Amino acid sequence: MAASAEDAFVAFDGVQKSYDGETLVVKDLNLFIDKGEFVTMLGPSGSGKTTCLMMLAGFETATNGDIRLNGKPINNIPPHKRGIGMVFQNYALFPHMTVGENLAFPLEVRKMSKADRDAKVMRALDMVQMGEFSGRRPAQLSGGQQQRIALARALVFEPELVLMDEPLGALDKQLREHMQFEIKHIHERLGVTVVYVTHDQSEALTMSDRVAVFDDGRIQQLAPPEDLYERPENSFVAQFIGENNKLTGKITAKEGETVKVQFANGHTGEALAVNCGGTGEDTLLSIRPERIQIDAEPDANSVDAQVLELIYLGDHIRCRMNVHGNEDFIVKVPNAAGHKHLVVGETTRLTWAKEDCRALDAA
C-alpha cells in the first residue's frame, strides 16, 4: 500500500530543483514512501533521479517544496545530522583505514563506546559475509568485496533509511546480479527503508517493491515492477521498461475500453484504450515480444510478417520481423517442443490478443 503525504516515512511534497534559476531539473515531485519499503528511482541520464536522491541526502537543496523524513522537514538539516546511510558507485572507502576502521568510523562520530563499536562492526561484516576481512585495507580487496564493505558501512549504525546511488555500476554482470539478490535479501531481513537510484531496468525490476520511472524531471509512472512491465501507462514507460514492439496507427472507433486502429497500409487491429485520444487521433500500440503467437488461430490482431533475422539465445529464439513496414518488430519464440521452426525470408502469420496490446500516447 503506497504511503500518503501524512503518514509517509519519506515524503517529497511539491519539490522542484533548478541549478540556474530558470531550467527545472526536477518538476513538482510528489513521492511518498512507506517505512521499510524498497523504492527505486529509474530513468535515463539527466532525468532527475540522482538529483532527487542528493536532495534527500542533503547534498543538494530543493528550490521549492518540502522533503520530510518520518514527518519532520529536513530541508535545512545538514547531511551528517540526517542519520541516513549512503552507498555510492565508487565505494568511498578510506584507503588508509582497514575494513574494520572504515566501519567503526561512523560509530566513533556518534560517540559510541569501543565495545559497542566492535560488536556492531562484526555484526555488519557478517551480514555481508566479510567477517574475515576486518584487518585488510580496501586496496587488498576486489571490487565486489569493496562494495560489500561500503554496504556494511552504510548499515553499521543501524539507520532507518539507506540511500544507494548506482552502487553496482562498477561491477561485472555476474557479480552485479549476485549483489542484487544480496541487497534484496539484506533489505528483507533488516526491514530498513531503501531508496535506490539506477538506470538499469533489470536491477530495478529485480529488487524493488515499487519503481519510480523518471523522465524530463518528472515521475512518468510509479508502480510495482509487474505493473510497470505489464501495464505501462504511457509510451515512454512502455519503451523504457523491457523490450517492446510499437506500431503507429489512427483510431477509427472507441467502444468502452477498446479502440479499433487502422494502420498506414489499411490493415486494422484492436487494443485496450489506456492513454490515447479519440476517434481520428494517432496512437502508439505497445505489444510485448513474448505475447505474440506464430501461426495461431486468427484474432482481432493477425498480420502477415516476414522473418528478417533469427538469433539463438538458449531458452528462446529472438526473431526480428517486418510488420506493417516496421522492420524492428521482435517476437520471442520459446525454445521448446511444439514451436514452429522459422526460416529467414519466409512469411508467417502473427497473432496477439487485444488484452496484450495497449493503445498509448503517440509521443
Side-chain angles (χ1 to χ4, degrees), residues 3 7-12 31-41 49-50 52-60 66-94 97 99-131 134 146-168 179-180 182-198 207-210 212:
D7 61 10
F9 180 64
V10 174
F12 290 86
L31 173 60
F32 308 112
I33 300 171
D34 281 324
K35 193 177 182 67
E37 202 175 6
F38 194 124
V39 171
T40 295
M41 296 176 175
K49 60 188 187 301
T50 298
C52 290
L53 193 81
M54 292 297 106
M55 287 191 289
L56 182 53
F59 300 126
E60 296 288 354
D66 290 318
I67 302 173
R68 297 189 297 275
L69 182 58
N70 211 7
K72 298 172 185 172
I74 58 172
N75 291 40
N76 298 317
I77 297 176
H80 66 279
K81 291 189 175 177
R82 296 190 182 191
I84 297 173
M86 285 286 300
V87 186
F88 299 97
Q89 179 177 336
N90 64 359
Y91 318 132
L93 299 172
F94 298 118
M97 291 184 180
V99 164
E101 289 166 346
N102 263 281
L103 265 66
F105 182 74
L107 305 177
E108 288 177 27
V109 171
R110 287 165 176 79
K111 312 293 185 190
M112 198 171 288
S113 71
K114 187 176 186 308
D116 287 345
R117 289 201 307 265
D118 291 346
K120 287 184 183 295
V121 165
M122 287 315 299
R123 190 182 308 141
L125 286 174
D126 288 341
M127 200 184 298
V128 295
Q129 289 93 47
M130 292 290 288
S134 178
Q146 289 185 54
Q147 191 53 279
R148 286 170 192 258
I149 298 305
L151 178 60
R153 189 179 61 182
L155 297 168
V156 71
F157 62 94
E158 298 169 7
E160 293 185 294
L161 174 63
V162 175
L163 311 183
M164 301 191 187
D165 185 19
E166 303 269 9
L168 308 182
M179 284 298 294
Q180 287 171 18
E182 288 227 359
I183 292 172
K184 181 180 174 70
H185 295 152
I186 288 171
H187 166 255
E188 289 168 352
R189 286 204 311 274
L190 298 182
V192 65
T193 308
V194 176
V195 180
Y196 194 100
V197 162
T198 185
M207 303 170 75
S208 315
D209 296 317
R210 288 189 299 159

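Note that this is a predicted model, so its numbers are computed, not measured. Residue numbers count from 1 along this sequence.
- At least one donor-acceptor pair closer than 3.5 Å links the side chain of Arg82 to the backbone N or O of Leu56.
- Taking Arg68 as the reference, Asp13 meet the side-chain hydrogen bond (donor to acceptor under 3.5 Å, both in side chains) condition, with sequence neighbours excluded.
- With sequence neighbours left out, the ring-ring contact (aromatic ring centres under 6.0 Å, His included) criterion links Phe157 to no other residue.
- The side-chain heavy atoms of Ile84 and Leu69, taken from C-beta on, include a pair separated by under 4.5 Å.
- For the atom pair Glu101 CD and Ser134 OG, the distance stands at 8.5 Å (nearest 0.5 Å).
- Residues Leu155 and Val162 share a closest heavy-atom pair of CD2-CG2, 3.7 Å.
- Between Phe38 and His187, the ring planes lie perpendicular to each other; the angle is over 60°, past the 30° to 60° tilted range.
- Using a 4.5 Å heavy-atom threshold, the side chains of Gln147 and Val87 count as touching.
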* To do: Before giving the answer on side chain to side chain contact (heavy atoms under 4.5 Å, CB included), spell out for Glu160 and Asn70 the whole-Å C-alpha distance, their side-chain angles and the decisive distance to 0.1 Å.
  => CA-CA 10 Å; Glu160 293 185 294; Asn70 211 7; 4.3 Å; yes

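- Met164 places a side-chain heavy atom less than 4.5 Å from the side chain of Ile183.
- The line from CZ of Phe32 to CZ of Phe12 is 10.5 Å long, rounded to the nearest 0.5 Å.
- A distance of 6.0 Å separates CE in Met86 from CG in Asp165, rounded to the nearest 0.5 Å.
- Atom CZ of Phe105 is surrounded by 12 or fewer heavy atoms from other residues, nucleotides or ligands within 6.0 Å.
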* Quick one: do Tyr196 and Val39 satisfy side chain to side chain contact (heavy atoms under 4.5 Å, CB included)? Show the steps, please. => CA-CA 6 Å; Tyr196 194 100; Val39 171; over 6 Å; no

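- Using a 4.5 Å heavy-atom cutoff, the side chains of Leu151 and Pro167 are not in contact.
- Between the side chain of Arg148 and the backbone N or O of Val128, at least one donor-acceptor pair lies under 3.5 Å.
- Asp34 contributes atom CG, which lies 6.5 Å from atom CZ of Arg210 (distance to the nearest 0.5 angstrom).
- With contacts defined as side-chain heavy-atom distances shorter than 4.5 Å, the pair Ile77/Lys72 does not qualify.
- A distance of 9.0 Å separates OG1 of Thr198 from CD of Gln89, quoted to the nearest 0.5 Å.
- Of the candidates Lys114, Arg153, Met112, Leu107 forms a side chain to side chain contact (heavy atoms under 4.5 Å, CB included) with just one, namely Met112.
- Proximity of a side-chain donor or acceptor of Asn75 to a complementary backbone N or O of Asp66 within less than 3.5 Å is not detected.
- When all heavy atoms of Ala154 and Pro159 are compared, the closest pair comes out as O-CG, 3.2 Å.
- Residues Ile67 and Val10 have side chains not in contact (no heavy-atom distance under 4.5 Å, counting atoms from C-beta outward).
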* Could you walk me through whether Val195 and Met41 pass the side chain to side chain contact (heavy atoms under 4.5 Å, CB included) test, one step at a time? => CA-CA 7 Å; Val195 180; Met41 296 176 175; 3.9 Å; yes

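- Heavy atoms only, all atoms of each residue included: Gly36 and Asp209 are closest at O-OD2, 4.2 Å.
- Here the NE2-CE distance, from His185 to Met127, works out to 15.0 Å after rounding to the nearest 0.5 Å.
- Applying the ring pair (Phe, Tyr, Trp, His ring centres under 6.0 Å) test to pairs two or more places apart or on separate chains, none has a residue in residues 66-86.
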